[in-house]
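To start, the structure itself, in C-alpha cells.
Small disclaimer: the values here were computed from a predicted structure and weren't measured. Residue indices begin at 1 and follow the sequence shown.
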Amino acid sequence: MVRVDHAVSSGTFSLDGETFDVDNNIWVVGDDTECVVIDAPHSVGDIMAVVGGRTVKAILLTHAHDDHCRVAPALRERVGAPIMLHPDDRPLWELTHTDHLWDVDLADGFEVAVADGTLRAVHTPGHAPGAVCFHAPDLGCVFTGDTLFQGGPGATGRSFSDEDQIKKSIRARLLSLPGDTVVHTGHGDDTTIGAEQANLD
Ligand SMILES: [Zn+2]
C-alpha cells in the first residue's frame, strides 16, 4: 500500500544576495519496496534516512530554489534515479547547479506511478515559473512545495516570482481539488484545501 513518509531537514535558502536559515520538509511516497522523493533540500543523509533500503524511482522537484534542489544531483548519484523538474525553472536551477542538469522535463499532467499509487504534476507558476504541485488522488493529498502553505500562498517578493500568478494558480488548480485533500507543504505544517479556501477568500 502506498503511503507518505516525512522528515525535516535544516539548512539555508539564498536568493537575491540574501541567505536565510530554513527547515524544509522531505516527502517520500511509496511502499516497502519502492518510492519517489519529493524535493532534495540540504542533506542526502536526511533523505536516505527516510528512504531506507527502498528503490528510489524518481526525484521530483516542486521548484528549483536552492533549498529544494541543492542535493538533487548528489542524491541521483547515490540512488540512480532521474531528477524531474519543470523546464520553466531553468534560470533558478542554474543559480545553484552550473555543471549538472535534471533528466526529465515535468509538464502539466505528467504522471509518475509509484507502488499502487500515482502522482500527477500540476503546473502552478507564481512562487517560481516552473513551480509544480504533485497531486496523489489515491492518498487524498497534494504536495505543494512553496506554492501553498498553512495560512495562504507562498512568498512572491523575490526574483522570478509573481503574486498575481500564484493566486491564479492556487484558485484555478488547487482550490478545485476536494476540500478534504491534505496539503503537504515545503515548509511547516500540513493544512487542507478546504482550510486554505477560507484563507484566500
Ligand atoms: Zn521556494
Side-chain angles (χ1 to χ4, degrees), residues 2-13 22-125 127-136 138-139 141-147 154 184-187:
V2 67
R3 66 174 192 273
V4 179
D5 294 299
H6 170 241
V8 176
S9 189
S10 299
T12 60
F13 164 57
V22 282
D23 292 333
N24 283 69
N25 291 321
I26 295 164
W27 299 104
V28 176
V29 180
D31 59 12
D32 290 339
T33 308
E34 63 177 32
C35 61
V36 298
V37 173
I38 299 175
D39 284 343
H42 310 292
S43 150
V44 170
D46 285 355
I47 297 166
M48 292 309 294
V50 186
V51 167
R54 296 182 278 177
T55 300
V56 178
K57 291 185 72 183
I59 301 161
L60 304 174
L61 300 180
T62 59
H63 62 300
H65 280 154
D66 63 357
D67 60 326
H68 293 257
C69 76
R70 183 176 289 114
V71 302
L75 181 63
R76 170 174 62 190
E77 183 89 352
R78 174 81 171 263
V79 302
I83 301 168
M84 302 187 183
L85 174 71
H86 194 289
D88 288 359
D89 257 17
R90 183 169 189 136
L92 285 169
W93 171 272
E94 287 177 341
L95 293 175
T96 303
H97 299 297
T98 49
D99 50 354
H100 298 279
L101 273 179
W102 63 96
D103 304 288
V104 175
D105 282 347
L106 288 176
D108 190 62
F110 188 96
E111 291 191 346
V112 179
V114 60
D116 58 346
T118 303
L119 291 172
R120 187 180 173 85
V122 183
H123 184 209
T124 52
H127 177 72
V132 163
C133 298
F134 298 100
H135 181 218
D138 319 280
L139 288 160
C141 68
V142 61
F143 301 88
T144 56
D146 291 356
T147 293
H184 295 305
T185 63
H187 307 271

What residues form a ring-ring contact (aromatic ring centres under 6.0 Å, His included) with Phe13, not counting sequence neighbours?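 Phe13 satisfies ring-ring contact (aromatic ring centres under 6.0 Å, His included) with His65 only.
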
Between [X] and [Y] (side chain of the first, backbone of the second, donor and acceptor by atom type, cut-off under 3.5 Å), is there such a pair?
X	Y	result
Lys57	Val37	no
His86	Thr124	no
Glu34	Thr55	no
Arg54	Val51	yes
Asp39	Pro41	no

Heavy atoms only: give me the nearest [X]-[Y] pair and the separation to one decimal.
X	Y	answer
Ala121	Ala107	CB-O, 3.7 Å
Ala40	Leu75	CB-CD2, 4.4 Å
Asp116	Val2	OD1-N, 2.8 Å
His63	Ala128	CB-CB, 3.9 Å
Thr144	Cys133	CA-SG, 3.6 Å
Pro73	Cys69	CD-O, 3.9 Å

Report yes or no: do [X] and [Y] form a side-chain donor-acceptor pair below 3.5 Å?
X	Y	value
His6	Asn25	yes
Asp146	His68	yes
Asn24	Ser9	no

Glu77 atom CD, over 12 foreign heavy atoms within 6.0 Å: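 Counting other residues, nucleotides and ligands, CD of Glu77 stays at 12 neighbours or fewer.
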
Output, in order, the C-alpha distance, side-chain angles, deciding distance and verdict of side-chain contact (heavy atoms from CB on, under 4.5 Å) for Phe134 and Ile38. CA-CA 9 Å; Phe134 298 100; Ile38 299 175; 4.2 Å; yes

Please lay out, stage by stage, how Phe143 and Val29 fare under the test side-chain contact (heavy atoms from CB on, under 4.5 Å). CA-CA 10 Å; Phe143 301 88; Val29 180; 3.5 Å; yes

Before giving the answer on side-chain contact (heavy atoms from CB on, under 4.5 Å), spell out for Asp88 and His123 the whole-Å C-alpha distance, their side-chain angles and the decisive distance to 0.1 Å. CA-CA 10 Å; Asp88 288 359; His123 184 209; 3.8 Å; yes

Approximate separation, where rounding is to 0.5 Å, of Asp46 CG and Ser10 OG: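 Rounded to the nearest 0.5 Å, the CG-OG separation comes out at 7.5 Å.
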
Please report the interatomic distance NE2(His135) to SG(Cys141), rounded to the nearest 0.5 Å.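 Reported value, rounded in 0.5 Å steps: 7.5 Å.
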
Do [X] and [Y] have side chains that approach each other closer than 4.5 Å (heavy atoms only, starting at C-beta)?
X	Y	result
Leu61	Ile83	yes
His187	Val22	yes
Thr12	Arg70	yes
Val71	Ser43	no
Val56	Arg78	no
Ile59	Val36	no
Met48	Val79	yes
Leu92	Pro129	yes

How would you list all residue pairs meeting side-chain hydrogen bond (donor to acceptor under 3.5 Å, both in side chains) that involve residues 103-115, not counting sequence neighbours?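 Residue pairs with at least one partner in residues 103-115: Arg76-Asp103, Trp102-Asp105, Asp108-Arg173, Glu111-Arg120.
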
Could you check whether the rings of Trp27 and His184 sit parallel, tilted or perpendicular, using 30° and 60° as the cut-offs?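 Judged by the thresholds at 30° and 60°, the geometry between Trp27 and His184 is tilted.
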
Taking the inter-plane angle between the rings of Trp93 and His97 on a 0 to 90° scale, is it parallel (under 30°), tilted (30 to 60°) or perpendicular (over 60°)?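 Ring orientation, 0 to 90° scale: tilted.
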
Under the side-chain contact (heavy atoms from CB on, under 4.5 Å) rule, what do Val4 and Leu139 come out as? Steps first, then yes or no, please. CA-CA 8 Å; Val4 179; Leu139 288 160; 3.8 Å; yes

Whether Arg3 and Asp138 form a salt bridge (side-chain N of Lys/Arg under 4.0 Å from carboxylate O of Asp/Glu) is what I want to check.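 Result for this pair is no, no salt bridge flagged.
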
